[in-house]
Amino acid sequence: MLREKLKTIPHLPGSYQMRNINNTIIYVGKAKDLYKRVNSYFKGNVTGKTAKMVSEVVDFTYITTSTEQEAFILEINLIKEYNPKYNILLKDDKSYPYIEYISKPYPRLKVSRYLNIKKKDKKMLFGPYPNAYAARKIVGLINRLYPLKKCEGMPKKVCLYYHIGECLGYCEKNVDQEKLIKMENDILDFLKGNDKILIDKIMEKIRNFSDNLNYEAALELKKELQYIEVILDKQKVELHDYINRDAIGFYFDEGLISVQILFIRNGKIVGGNNDKFYLMSDVFDEVNSYILNFYTRHEIPKEILLDEGLNSEVISNILNTKAIIPQKGNKKNLIDMAKTNAKISLEQEVNIIRNDEARSVGANESLKELLNLSVLDRIDAFDNSNLFGSYSVSGMVVFKNGKPARKEYRKYKVSVDKNDDYNTMKEVIYRRYYRAMVDKTEMPDLIIVDGGENQIRACNEILDALHLKIKVCGLKKDDHHRTNQLIDGDTLEVIDIPRDSDIFHYLTRIQDEVHRFTITYHKQLRDKGSIASVLDNIDGIGKIRKKDLIKKYGSIKKMAEASIEELSEIIPENVARDLHKYLEERNGANNNAVD
């Protein structure tokens, strides 16, 4: 049937979707010629990870498009929707820190992270920076050098900072506009790349401290200056147009691709991003798709420099920015630097990637064979907790293809008696899979419950009532709380697994992860209960405000660390002031009690 279907594919651009025995999409690709690309998987000489993917394919579907550009867009959207197992990166995506300048109601700086930055947001962001520490260091130094607002809340009259010239008197709303404009211009010019402004300001402060015999403060600022100069001078490039751009190079070997993106901001390389993934189709198509996916989650610069062979026209059109392939000069040197970094990163980590594949994906494959499952792409694992006899809860963690899928984790407050493990398991299993049936979300290939026959029977009873055929196993621990036995949910027999095997370590990891997740949730609930009792002591905090505060801070400690200004974003300023004072006094009393 598959061979006959291959003959009918048209010679048109589009996206293709590979499906396994459960009709789950396991890979999404794009092609200029669908017929040639899809047939190459089944008639060509595929190896490595591609061969593994093809061995799982029992069917494929495809959607034709008018142009290759439309095929790219369709591929991106389908990957987002289905998150196929063979389209994943070999590490978690991350966001990068920016310095954000906020002008209203008064000027201030903060370190921000944004996964999705849109031009319409009109945020004044500078970066990304190589790490949050460097960004915080710069923000702290600017606050010391310029009269930004430094106190918490909004005092009724000016404080010491105003009298010593380190604040413009924002609380009295009679700010010297000329000084304010000069300060904003200086700060923004520095953040845009004029290093001399900040360095001159530091030198001026150092001289003032020295003239007033305050050598300790002068020495401290000198150390700050040395640190800032290292950050500012690191990897300067000879591009004097101060355009924000990224340079992208890649390297591939042994079925693996490494892509390096260098962030050039205001004439300097301020950081970078490296990702690695398996080569499943044409190398240039894979890298083009990666780039387009990357910029759905990150800031799009004014210019993108691309390695040879990549599709600059499609990338430029889809991202609505300038994309070029430089042939010579400093821009070509940046591409060469990115390619070198991509190669070094892959060569350094290839053994780590292979070993991780053997430990996680390999162990998952071995477990599939041990349990005689046709597919084992997803495992749902459950644990119950009634720590200290209160707040009965359950947690579910998910492992996909041998690795934790943390976005899929779920928490459950349980309504049954806290000592009734059997009915707790029934309630949670029913809620989880009835909801999955209604929402038509992904079902697991295996369910692991933390416990023995009792929990297995409870789980199977609900699955039978819902007419779901899902394999269930139980994991029991010994008296030392270590993984001890795997119990088959169909026969209730103990499956013998060597303790030094990858499968045993894999199951131990799953059991430890679900236990950690559930216990953490339990403690959070107890902390929230403690928060609620504290907030009952503050006039002006009712049910809605209490809920909002608990949702944002989650613990008394985090709430106590918040400023009056931050608390005022949720509750009125006078109430925020009372709460802040109460938490300070409470914290002081607790410290004295400890002493």
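The first residue of the sequence shown is numbered 1, and numbering continues consecutively from there.
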**Q** side-chain contact (heavy atoms from CB on, under 4.5 Å), that's the test. Do Ile264 and Asp246 meet it? Break it down for me.
**A** CA-CA 6 Å; Ile264 299 102; Asp246 290 350; 5.8 Å; no
**Q** Can we say Asp307 and Lys332 salt-bridge, meaning some charged N sits less than 4.0 Å from an Asp/Glu carboxylate O?
**A**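 A salt bridge is absent here (no side-chain N lies under 4.0 Å from a carboxylate O).
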**Q** Do the side-chain N and O atoms of Asp275 and Tyr290 include a donor-acceptor pair separated by under 3.5 angstrom?
**A**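 There is such a pair (donor and acceptor under 3.5 Å, judged by atom type) between the side chains of Asp275 and Tyr290.
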**Q** Determine, stepwise, if the pair Lys403 / Asn401 fulfils side chain to side chain donor-acceptor pair (under 3.5 Å).
**A** CA-CA 6 Å; Lys403 298 179 181 179; Asn401 311 305; over 6 Å; no
**Q** Do Asp380 and Tyr433 pair up side chain to side chain, a donor and an acceptor below 3.5 Å, judged on atom types alone?
**A**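 On atom types as modelled, these side chains qualify, holding a pair under 3.5 Å.
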**Q** For a quick test of your reading: what N or O donor-acceptor pairs under 3.5 Å do the side chains of residues 360-367 make, sequence neighbours left out?
**A**
residue, atom, partner, partner atom, Å
Ser360, OG, Asp356, O, 2.6
Asn364, OD1, Tyr506, OH, 2.8
Asn364, ND2, Leu376, O, 2.6
Glu365, OE2, Lys368, NZ, 2.9
Ser366, OG, Gly362, O, 3.1

**Q** Is it true that Arg457 and Glu461 have a side-chain N and a carboxylate O under 4.0 angstrom from each other?
**A**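 Glu461 and Arg457: not salt-bridged.
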**Q** For the residue pair Leu34 and Ile63, what are the closest heavy atoms and their distance?
**A**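 Scanning both residues, the minimum pair turns out to be CD1-O, 4.2 Å.
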**Q** To the nearest 0.5 angstrom, please state how far the CG atom of Leu334 sits from the CG atom of Leu305.
**A**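 Leu334 atom CG to Leu305 atom CG measures 6.5 Å (nearest 0.5 Å).
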**Q** Check the surroundings of atom CG in Leu466: do more than 12 heavy atoms from other residues, nucleotides or ligands lie under 6.0 Å from it?
**A**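 Enclosed.
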**Q** Determine the interplanar angle of the His11 and Tyr35 rings, folded into 0 to 90°, and report it as parallel if under 30°, tilted if 30 to 60°, perpendicular if over 60°.
**A**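 It falls in the tilted class, 30° to 60°.
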**Q** Between Leu507 and Ile448, is a side-chain contact (heavy atoms from CB on, under 4.5 Å) present by the stated rule, with each step listed?
**A** CA-CA 9 Å; Leu507 292 172; Ile448 293 178; 3.9 Å; yes
**Q** Looking at every non-hydrogen atom in both residues, tell me the closest pair between Asp282 and Arg37 and how far apart they are.
**A**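 Answer, listing the atom of Asp282 first, then Arg37: CB-NH2, 3.3 Å.
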**Q** If only side-chain N and O atoms count, and only distance matters, is there a donor-acceptor pair under 3.5 Å linking Ser394 with Asn384?
**A**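 The criterion, which ignores hydrogens and geometry beyond distance, is satisfied for Ser394 and Asn384.
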**Q** Just by distance, with hydrogens left out, do Gln455 and Asp450 show a side-chain donor and acceptor under 3.5 Å apart?
**A**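 Result is no, nothing qualifies.
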**Q** Hey, what do you get for CD1 (Ile325) to CG (Leu306), rounding to the nearest 0.5 Å?
**A**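 The distance works out to 6.0 Å.
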**Q** For the pair Glu453 and Lys476, find out whether any cationic side-chain nitrogen is under 4.0 Å from an anionic carboxylate oxygen.
**A**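 No, no charged N to carboxylate O under 4.0 Å.
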**Q** Where the side chain of Ser55 meets the backbone of Lys52, is there a donor-acceptor pair that is under 3.5 Å apart?
**A**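 Yes.
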**Q** Would you kindly say whether Arg19 and Thr24 are connected by a side-chain donor-acceptor distance under 3.5 Å?
**A**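 Result is no, nothing qualifies.
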**Q** Give a yes or no on whether Lys343 atom NZ has more than 12 heavy-atom contacts from other residues, nucleotides or ligands under 6.0 Å away.
**A**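 Not buried by this count: 12 neighbours or fewer within 6.0 Å.
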**Q** Between Lys339 and Glu308, does the salt bridge (charged side-chain N to carboxylate O under 4.0 Å, His left out) criterion hold? Intermediate values first, please.
**A** CA-CA 11 Å; Lys339 290 173 69 171; Glu308 286 186 274; 5.4 Å; no
**Q** Counting only heavy atoms not in Lys36, do more than 12 fall under 6.0 Å of its NZ?
**A**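 Incorrect, the count does not exceed 12.
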**Q** Atom CD1 of Ile9 and atom CG of Asn39: how far apart are they, to the nearest 0.5 Å?
**A**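 Output value for this atom pair is 5.0 Å.
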**Q** So, Tyr86 versus Glu56: side-chain donor-acceptor pair below 3.5 Å or not?
**A**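 Yes, a side-chain donor-acceptor pair sits under 3.5 Å.
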**Q** Can you establish whether the number of heavy atoms outside Asp439 located under 6.0 Å from its atom CG is more than 12?
**A**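 Yes.
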**Q** Would Ile447 and Lys471 count as a side-chain contact (heavy atoms from CB on, under 4.5 Å) if you check the C-alpha gap in whole Å, the side-chain angles of each, and the deciding distance to 0.1 Å?
**A** CA-CA 6 Å; Ile447 295 172; Lys471 179 76 174 180; over 6 Å; no
**Q** Should the pair Glu427-Arg431 be classified as a salt bridge under the 4.0 Å nitrogen-to-oxygen rule?
**A**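 Yes.
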**Q** Can you name the ring pair (Phe, Tyr, Trp, His ring centres under 6.0 Å) partners of Tyr41, sequence neighbours left out?
**A**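 Residues passing ring pair (Phe, Tyr, Trp, His ring centres under 6.0 Å) with Tyr41: Tyr16.
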**Q** In this structure, are over 12 heavy atoms from other groups packed under 6.0 Å from Lys302 atom NZ?
**A**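 Result for NZ/Lys302: open.
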**Q** Does atom NZ of Lys440 have more than 12 heavy-atom neighbours, drawn from other residues, nucleotides or ligands, at distances under 6.0 Å?
**A**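 Incorrect, the count does not exceed 12.
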**Q** Any sub-3.5 Å donor-acceptor pair from Asp488's side-chain atoms to Asp490's backbone N or O?
**A**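 Confirmed, Asp488 side chain pairs with Asp490 backbone.
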**Q** Run the salt-bridge test on Asp377 and Lys400 with the 4.0 Å N-O cut-off and return the result as yes or no.
**A**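 A salt bridge is absent here (no side-chain N lies under 4.0 Å from a carboxylate O).
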**Q** Any carboxylate oxygen within less than 4.0 angstrom of a Lys/Arg side-chain nitrogen, looking at Asp285 and Lys32?
**A**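 No, this pair does not count.
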**Q** Looking at Glu313, I'd like to know if its CD atom is crowded, meaning that more than 12 non-hydrogen atoms belonging to other residues, nucleotides or ligands lie closer than 6.0 Å.
**A**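 No, not enclosed.
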**Q** I'd like to know whether Phe517 forms a side-chain contact (heavy atoms from CB on, under 4.5 Å) with Arg406, so could you lay out the CA-CA distance, the side-chain angles of the two residues, the decisive distance to 0.1 Å, and finally the verdict.
**A** CA-CA 10 Å; Phe517 179 69; Arg406 292 185 173 85; over 6 Å; no
**Q** Any salt bridge linking Arg245 with Glu303? Criterion: basic side-chain nitrogen under 4.0 Å from a carboxylate oxygen.
**A**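 Counted as a salt bridge, because a side-chain N and a carboxylate O are separated by less than 4.0 Å.
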**Q** Around Phe42, counting heavy atoms of other residues, nucleotides and ligands shown, do more than 12 lie under 6.0 Å from its CZ?
**A**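 More than 12 within 6.0 Å, yes.
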**Q** In terms of side-chain heavy atoms, does Lys30 have a donor or acceptor partner in Ser289 at a distance below 3.5 Å?
**A**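 Lys30 vs Ser289: no donor-acceptor pair found between side chains.
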**Q** State the CG-CD1 distance between Asn77 and Ile79, to the nearest 0.5 angstrom.
**A**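 Between Asn77 CG and Ile79 CD1, I get 9.5 Å after rounding to 0.5 Å.
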**Q** Rounded to the nearest 0.5 Å, how far apart are CD1 of Ile257 and CG of Asp253?
**A**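 Separation between the atoms: 11.5 Å.
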